[in-house]
Amino acid sequence: MIIRKVDIWHLNLAFKSPVKHNLATHRGSENIILKVTTDGGMAGYGEGIPRTFVTGETIAESLSFLKEELIPIILRTSLASGQIIFDTLAHSYSKSRAQAYPAAFCAVEMALLDAAGKTWGKSLGDFLGPRLRERVVYSAVLPMASPTQMARFFDLVKMKNMRLLKLKVGNNSDLEILKSAREKLGWEIDIRVDANAAWTANEAIARIEEMTPYRISAVEQPVAKTDFAGLQKVSAALPIPIIADESICTEEDAQRLIELQACQIFNLRLSKCGGLGRATRIKQMAEKAGIRCQLGCHVGETSILAAAGRYFALCNNHLAYVEGSFAPYLLTKDPVCPSVVFDNGGLASGFLDPGLGVRVMDSILEELAISKVTIGE
């Protein structure tokens with residue numbers, strides 16, 4: 001398999017309604033979609049979402065990195081097996097500035113694996129290792145909103161019979177929202193909270209203790225991204241599992257968190273970690289240290305990233321929680337038809353077709369594009 005051409009779209013995706021958390025209010029998402037075309041005419045797609053407040057990436061810098069450094073490495077290179085793809089990417093990761101641009105790297109890796117799967121009649125899961133389970137259970141994730149809006153969200157969660165729920169917290173209405181959630185949804189549903197770096201360590205300890213009567217199962221990123229000592233302090237002070245999210249992007253982050261014993265769970269998002277390969281390496285590090293992982297997602301992922309996340313979840317045991325497949329609920333248009341979704345109860349299985357197993361509509365990519373660049377042929 002030789003890559004003859006690469007198309008890169010910079011998309012502007014509109015949301016059906018704003019999504020608010022402590023670090024940002026999202027009314028849309030700017031994503032990078034990458035398409036590789038092989039010498040055999042197969043097309044593979046990948047996606048990355050640069051988020052400055054998470055990884056320091058910008059769209060403009062990520063696009064420049066793709067065009068000037070990463071695409072020239074893979075263009076016209078013979079990729080004869082999945083292992084060669086991973087080896088080639090690992091070499092390029094170590095020789096380029098890829099660690100600074102994980103979303104771009106994620107998009108390239110995903111596109112190559114999608115094209116390889118279609119070329120050789122394999123699913124994405126075949127490149128990740130054996131499929132370890134037949135289905136996964138997704139969580140509902142709710143943004144900050146008014147009590148009236150939250151009541152409507154809770155009705156939707158109840159109607160979909162979701163078993164797992166993550167609530168965004170970090171303002172004065174947290175306890176009111178938790179109380180409402182328990183009244184509406186009962187005490188059997190698993191509720192965890194995500195503060196998105198809302199507090200200092202001392203504030204976090206106090207606020208989380210106030211929440212304990214509502215039986216929360218875990219707390220995600222209670223302190224600032226770089227406050228590893230604060231994360232350690234919160235984790236040591238409370239019996240509730242602490243999840244690192246913005247604080248865990250690289251293997252170096254993982255090693256530092258492990259050494260500090262700063263949390264009990266890592267939140268792995270494919271785009272922020274640099275793709276499936278890097279996320280797998282971080283999960284392996286976590287398992288050796290006795291730390292669990294959850295699969296998270298960026299707000300605004302299309303079904304391209306959702307499909308990759310689905311395979312990651314199916315090929316990895318012991319994930320504390322799985323998030324994603326929200327495109328039909330959030331985006332006004334998804335370039336995948338049909339969209340990647342979960343069923344009632346959050347249940348979902350894999351796909352039948354090779355590669356990512358989804359059909360991407362170039363016409364919708366063109367419609368949503370702010371810009372497009374073609375490299376090769």
Side-chain angles (χ1 to χ4, degrees), residues 19-24 26 29 31 47-51 53-55 57 102-103 106 110 128 136-144 162 164-170 190-198 216-223 225 231 241-251 253-254 257 263-283 285-287 291-327 329-330 340 342 346 348:
V19 176
K20 181 180 179 181
H21 57 70
N22 184 62
L23 291 174
H26 301 281
S29 182
N31 300 14
E47 179 178 6
I49 307 179
R51 287 278 157 80
F53 62 84
V54 178
T55 57
E57 305 163 273
C106 175
M110 196 182 305
L128 299 180
V136 295
V137 182
Y138 282 87
S139 298
V141 180
L142 299 183
M144 288 180 171
M162 301 298 287
L164 307 164
L165 171 63
K166 182 165 86 174
L167 292 173
K168 298 289 186 175
V169 297
D190 181 302
I191 297 180
R192 63 193 187 279
V193 298
D194 182 4
N196 288 105
I216 56 174
S217 58
V219 180
E220 188 172 319
Q221 199 62 43
V223 298
K225 169 183 170 66
L231 200 64
I242 301 300
I243 304 171
D245 180 14
E246 285 83 1
S247 294
I248 172 69
C249 296
T250 66
E251 291 171 64
D253 292 336
L257 290 167
C263 61
Q264 289 76 41
I265 301 173
F266 288 168
N267 184 25
L268 306 179
R269 291 189 260 171
L270 297 183
S271 180
K272 75 163 184 176
C273 292
L276 292 153
R278 313 311 296 186
T280 299
R281 287 171 65 93
I282 293 172
K283 185 174 184 293
M285 293 173 66
E287 286 180 339
I291 293 173
R292 300 182 72 192
C293 291
Q294 74 171 33
L295 176 65
C297 69
H298 280 302
V299 176
E301 290 184 2
T302 76
S303 288
I304 299 172
L305 255 172
R310 178 75 54 85
Y311 275 112
F312 184 87
L314 289 168
C315 295
N316 281 280
N317 275 336
H318 313 303
L319 291 173
Y321 302 102
V322 178
E323 300 168 5
S325 298
F326 296 131
Y329 298 98
L330 184 59
V340 174
F342 48 76

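Just one residue in the list Val169, Ile243, Val193 forms a side-chain contact (heavy atoms from CB on, under 4.5 Å) with Glu220, and that residue is Ile243.
For the atom pair CG of Asp190 and OG of Ser217, the computed distance is 3.5 Å after rounding to the nearest 0.5 Å. To the nearest 0.5 Å, the span separating OG1 on Thr280 from CG on Leu268 amounts to 8.5 Å. If you take CZ on Phe342 and OH on Tyr329, they are separated by 4.5 Å, rounding to the nearest 0.5 Å. Residue Cys273 holds its SG atom at 9.5 Å from CD of Glu251, rounded to the nearest 0.5 Å. For the atom pair CG of Leu128 and CG of Leu276, the computed distance is 5.5 Å after rounding to the nearest 0.5 Å. Residue Leu257 holds its CG atom at 6.0 Å from OG of Ser247, rounded to the nearest 0.5 Å.
Contact of the Ser29 side chain with the Ile49 side chain is registered, since non-hydrogen atoms from C-beta on lie closer than 4.5 Å. By the 4.5 Å heavy-atom criterion applied to side chains, Met285 and Arg281 are not counted as neighbours. Contact of the Pro222 side chain with the Ile242 side chain is registered, since non-hydrogen atoms from C-beta on lie closer than 4.5 Å. Counting heavy atoms from C-beta on, the side chains of Arg292 and Gln264 never come closer than 4.5 Å. Using a 4.5 Å heavy-atom cutoff, the side chains of Arg310 and Val340 are in contact. Between Val219 and Pro241, the closest side-chain pair of non-hydrogen atoms is not below 4.5 Å. The shortest side-chain heavy-atom distance between Asp194 and His21 does not fall under the 4.5 Å cut-off. Contact of the Gln294 side chain with the Leu319 side chain is not registered, since no non-hydrogen atoms from C-beta on lie closer than 4.5 Å.
Of the possible donor and acceptor atoms, none in the side chain of Glu301 sits under 3.5 Å from a partner among the backbone N and O of Ser303. Judged by distance alone, the side chain of Asp253 and the main-chain N or O of Thr250 form a donor-acceptor pair under 3.5 Å. Proximity of a side-chain donor or acceptor of Ser325 to a complementary backbone N or O of Ala306 within less than 3.5 Å is not detected. Using modelled atom types, no side-chain atom of Lys168 and backbone atom of Met144 make a donor-acceptor pair closer than 3.5 Å.
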**Request:** Under the side-chain contact (heavy atoms from CB on, under 4.5 Å) rule, what do Tyr138 and Leu164 come out as? Steps first, then yes or no, please.
**Result:** CA-CA 7 Å; Tyr138 282 87; Leu164 307 164; over 6 Å; no
**Item:** Leu270 vs Phe312, side-chain contact (heavy atoms from CB on, under 4.5 Å): CA-CA, chis, key distance, verdict
**Value:** CA-CA 9 Å; Leu270 297 183; Phe312 184 87; 4.3 Å; yes
**Request:** Starting from the C-alpha separation in whole Å, work towards a yes-or-no answer on side-chain contact (heavy atoms from CB on, under 4.5 Å) for Cys249 and Lys225.
**Result:** CA-CA 10 Å; Cys249 296; Lys225 169 183 170 66; 3.6 Å; yes
**Request:** Evaluate side-chain contact (heavy atoms from CB on, under 4.5 Å) for Val137 paired with Val322, printing each intermediate quantity in order.
**Result:** CA-CA 7 Å; Val137 182; Val322 178; over 6 Å; no
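Partners of Phe266 according to the ring pair (Phe, Tyr, Trp, His ring centres under 6.0 Å) rule, which considers only residues two or more places apart in sequence or in another chain, do not exist here.
Look at Glu57 and Arg51 and you find no salt bridge, because none of the NZ, NE, NH1 or NH2 atoms lies under 4.0 Å from a carboxylate O. The pair Asp245-Lys272 meets the salt-bridge criterion, since a charged nitrogen lies less than 4.0 angstrom from a carboxylate oxygen.
Across all non-hydrogen atoms, the minimal contact from Leu295 to Ala313 is CD2-CB, 4.2 Å. Of all heavy-atom pairs between Met162 and Ala140, the closest is CE-N, 3.6 Å. Between Leu330 and Val299, the closest heavy-atom pair is CD2-CG1, 3.8 Å. Minimum heavy-atom separation, Cys263 to Ala244: SG-CB, 3.8 Å.
Ring geometry, His26 versus Phe53: the interplanar angle falls from 30° to 60°, so the pair is classed tilted.
Side-chain N/O atoms of Arg192 and Ser139 include a donor and acceptor closer than 3.5 Å. Between Glu47 and Ser271, the side chains place no donor N or O within less than 3.5 Å of an acceptor N or O (distance only, hydrogens not considered).
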